[in-house]
There are 2 protein chains.
Amino acid sequence: MTRVLVVDDDPQILRALKINLAARGYTVLTAPDGTRALHVAAHDHPDVIVLDLGLPDLDGADVITGLRGWSTTPIIVLSARTDSGDKVEALDAGADDYVTKPFGMDELLARLRAAVRRATTHAVAGEPVVHAGALDIDLAGKQVTRDGVVVHLTPTEWGILELLARHHGRLVTQRQLLAEIWGPHYRNETHYLRVYLAQLRRKLEPDASHPRHLITEPGMGYRFQP
Amino acid sequence: MTRVLVVDDDPQILRALKINLAARGYTVLTAPDGTRALHVAAHDHPDVIVLDLGLPDLDGADVITGLRGWSTTPIIVLSARTDSGDKVEALDAGADDYVTKPFGMDELLARLRAAVRRATTHAVAGEPVVHAGALDIDLAGKQVTRDGVVVHLTPTEWGILELLARHHGRLVTQRQLLAEIWGPHYRNETHYLRVYLAQLRRKLEPDASHPRHLITEPGMGYRFQP
DNA sequence: CGGGAGCGCTAAGAATGCGTCAAGATCGGT
DNA sequence: ACCGATCTTGACGCATTCTTAGCGCTCCCG
């Protein structure tokens, strides 16, 4: 289920969007201002964000910058301002699209689909299954098997493994992992990673004390070696 | 340099876009109709496509579909039609953005930048690897191999090597290295560099006392010679 | 010829980061 | 409200990495 975060200070628009999106099968999260938008985004990790400019507390570009600091979630900006300077500012700050009010609901939905499609096709580019020795990681199905047997992972364990598997072979920094899975405020809680990597190794590695796939790069991060 | 394919049957618009894009440093390819657009796209692999709807030969949605069959290159649609049905059709066919004429050039440029940025940040292909004799430095994966064998580097060692490799062939001053890796307060601690360069040579060079890649420029700094 | 500056090299203690275990705290479902 | 699963937090031993010091070398220049 695709999860959309809608940010708007006008309760009426918020309600209209919520109803329309929910009717199309989206799960809708809402926030009435920039501060709470950043908070919800960090906490719930929506798949796409619809952001109204002209929020009461923060400047729109600052909200975008705040999100882009740690997340690549697509952002579609809504605005009553038709001024091209605003569009340029928002897009250069990292927005993916810019729609001016009044907007057609079907156009917004089409742009939403386009944004989600881009994000998912790029992420899953190629095969949705990563093989590594006796492990098969099904990214689409969110399931891991070891020697053909399904291994049960908790949501956090899966989040870490998924992120590492999507970048398999590459080093993923601790900050990256923490920001993606716990949120940007947890960037320094490297302790969490040690605990969870140990759990993952115990569940997935043949010899947990001599890992072959979940490799630690001291001081830098972790690497999934297929 | 980013390469843009502009598709439009109106020579005047084509010319205006070409001039504006070229002035911003883009390399511009052009095509006057759908058939040739598909041909040029297949042959030259542009980084982004600006596509006018209402081409003389093919329906716009068909051009998009034709491109999407094999390519994920970002497509920005231009159109005089403000009808939301057209927008939905184009976006659902696989377009990334939809701009209605008349459009502001700076807005189009901003949307172009946004499309290119998305495509490149998500890009898995085209990994930047610097080769130097028996050394392969994978900048994205943060990994070095020597004769195909992975060499383990500490964070500081990697930081120095990365900085030198990113400027390969050019001289990097000691102050630059110290400021980038230890912070601006350490600008005079040239001693650190001597210690770490020695370690790097021991790990990477065939003959550490006669370095071929990690070259000292006395009194100035260091240079990575591929 | 002598002295100083800059560099290469080694080695030791200090500091940091990692793995591990285990005990609370929290969450979600019944 | 209870119970199991999951997430947070703390403490400890151990290994790696960073920092710092010392010494010999070469080069340059007076």
Side-chain angles (χ1 to χ4, degrees), chain A residues 42-45 142 144 150-164 171-183 185-223, chain B residues 142 144 150-162 164 171-178 180-183 185-223:
Chain A
H43 189 261
D44 292 332
H45 300 188
K142 295 191 185 299
V144 200
V150 174
V151 179
H152 173 76
L153 296 185
T154 71
T156 309
E157 288 166 0
W158 171 257
I160 293 170
L161 183 66
E162 180 178 9
L163 196 56
L164 290 173
L171 185 135
V172 183
T173 65
Q174 299 162 343
R175 298 173 64 84
Q176 217 173 323
L177 279 162
L178 289 164
E180 279 283 339
I181 290 157
W182 278 272
H185 298 305
Y186 292 74
R187 283 211 184 100
N188 300 315
E189 305 286 339
T190 57
H191 190 81
Y192 290 8
L193 292 177
R194 289 202 286 278
V195 173
Y196 275 94
L197 262 293
Q199 283 176 9
L200 277 173
R201 286 182 181 131
R202 215 175 309 132
K203 288 186 177 182
L204 301 177
E205 291 277 2
D207 179 3
S209 54
H210 299 90
R212 295 177 51 210
H213 305 302
L214 296 163
I215 310 295
T216 301
E217 299 280 358
M220 305 212 275
Y222 296 87
R223 181 196 311 276
Chain B
K142 294 192 192 297
V144 198
V150 174
V151 179
H152 174 77
L153 296 185
T154 72
T156 310
E157 288 166 0
W158 172 258
I160 293 170
L161 182 66
E162 181 177 10
L164 290 173
L171 178 94
V172 183
T173 65
Q174 298 166 342
R175 297 173 65 84
Q176 215 173 325
L177 278 162
L178 288 164
E180 278 281 338
I181 291 157
W182 278 272
H185 299 304
Y186 292 73
R187 284 214 186 96
N188 300 315
E189 306 285 342
T190 58
H191 192 87
Y192 289 10
L193 292 177
R194 287 201 285 280
V195 173
Y196 276 95
L197 262 293
Q199 283 177 9
L200 276 173
R201 287 181 181 131
R202 211 178 314 133
K203 288 185 176 181
L204 301 178
E205 292 278 2
D207 179 2
S209 54
H210 299 90
R212 296 176 52 208
H213 305 302
L214 296 163
I215 311 295
T216 302
E217 300 281 357
M220 308 277 293
Y222 296 87
R223 179 197 311 278

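Nothing here was measured: the structure is a model prediction, and the numbers come from that model. Every chain is numbered from 1, with letters handed out A, B, ... down the list of sequences.
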On the nucleotide [N], are OP1 or OP2 found under 4.0 Å from the side-chain N or O atoms that [X] carries?
X      : N      : result
A/Q174 : C/dC18 : yes
A/Y186 : D/dT8  : no
B/W182 : D/dC18 : no
B/Y192 : D/dC18 : no
A/T154 : D/dC7  : yes

Could you grab the distance from atom [atom1] of [X] to atom [atom2] of [Y], nearest 0.5 Å is fine?
X      : Y      : atom1 : atom2 : value
A/Q176 : A/L163 : CD    : CG    : 6.5 Å
A/I160 : A/L214 : CD1   : CG    : 9.5 Å
A/H210 : A/E205 : NE2   : CD    : 11.5 Å
A/I215 : A/L171 : CD1   : CG    : 11.0 Å

In whole Å, I'd like the distance from the [atom1] atom of [X] to the [atom2] atom of [N].
X      : N      : atom1 : atom2 : value
A/N188 : C/dG17 : CG    : P     : 10 Å
B/E217 : D/dC27 : CD    : C1'   : 15 Å
B/E189 : C/dC7  : CD    : P     : 14 Å
B/H185 : D/dT19 : NE2   : C1'   : 17 Å
B/Q199 : C/dA12 : CD    : P     : 15 Å
B/I181 : D/dT19 : CD1   : P     : 11 Å
B/L204 : C/dG8  : CG    : C1'   : 16 Å
A/R175 : C/dG17 : CZ    : P     : 12 Å

Taking only N/O atoms, report every protein-nucleotides 19-25 of chain C pair under 3.5 Å with atom names and distance.
unit_1, atom_1, unit_2, atom_2, d
C/dG19, OP1, A/R201, NH1, 3.0
C/dG19, OP1, A/T216, OG1, 2.6
C/dG19, OP2, A/Y222, OH, 3.2
C/dG19, N7, A/R194, NE, 3.3

Heavy atoms of other groups near B/H152 NE2, more than 12 under 6.0 Å: yes
Five-pair end axes of the helix from C/dC1-D/dG30 to C/dT30-D/dA1 and the angle they enclose, rounded to 10°: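 Answer for the end axes of this duplex: 40°.
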Salt bridge (Lys or Arg N to Asp or Glu O under 4.0 Å) involving B/E157 - partner list, sequence neighbours excluded: B/K203
Heavy-atom closest contact (B/K142 atom, A/R223 atom, distance): O-NH2, 3.2 Å
Sugar-phosphate, base or nothing in reach of B/H210, heavy atoms under 4.0 Å: nothing
Side chain to side chain contact (heavy atoms under 4.5 Å, CB included) evaluation trace for B/V144 with B/L153: CA-CA 8 Å; B/V144 198; B/L153 296 185; 3.5 Å; yes
Audit row: B/W158, A/M220, side chain to side chain contact (heavy atoms under 4.5 Å, CB included) steps and yes/no: CA-CA 10 Å; B/W158 172 258; A/M220 305 212 275; 4.2 Å; yes
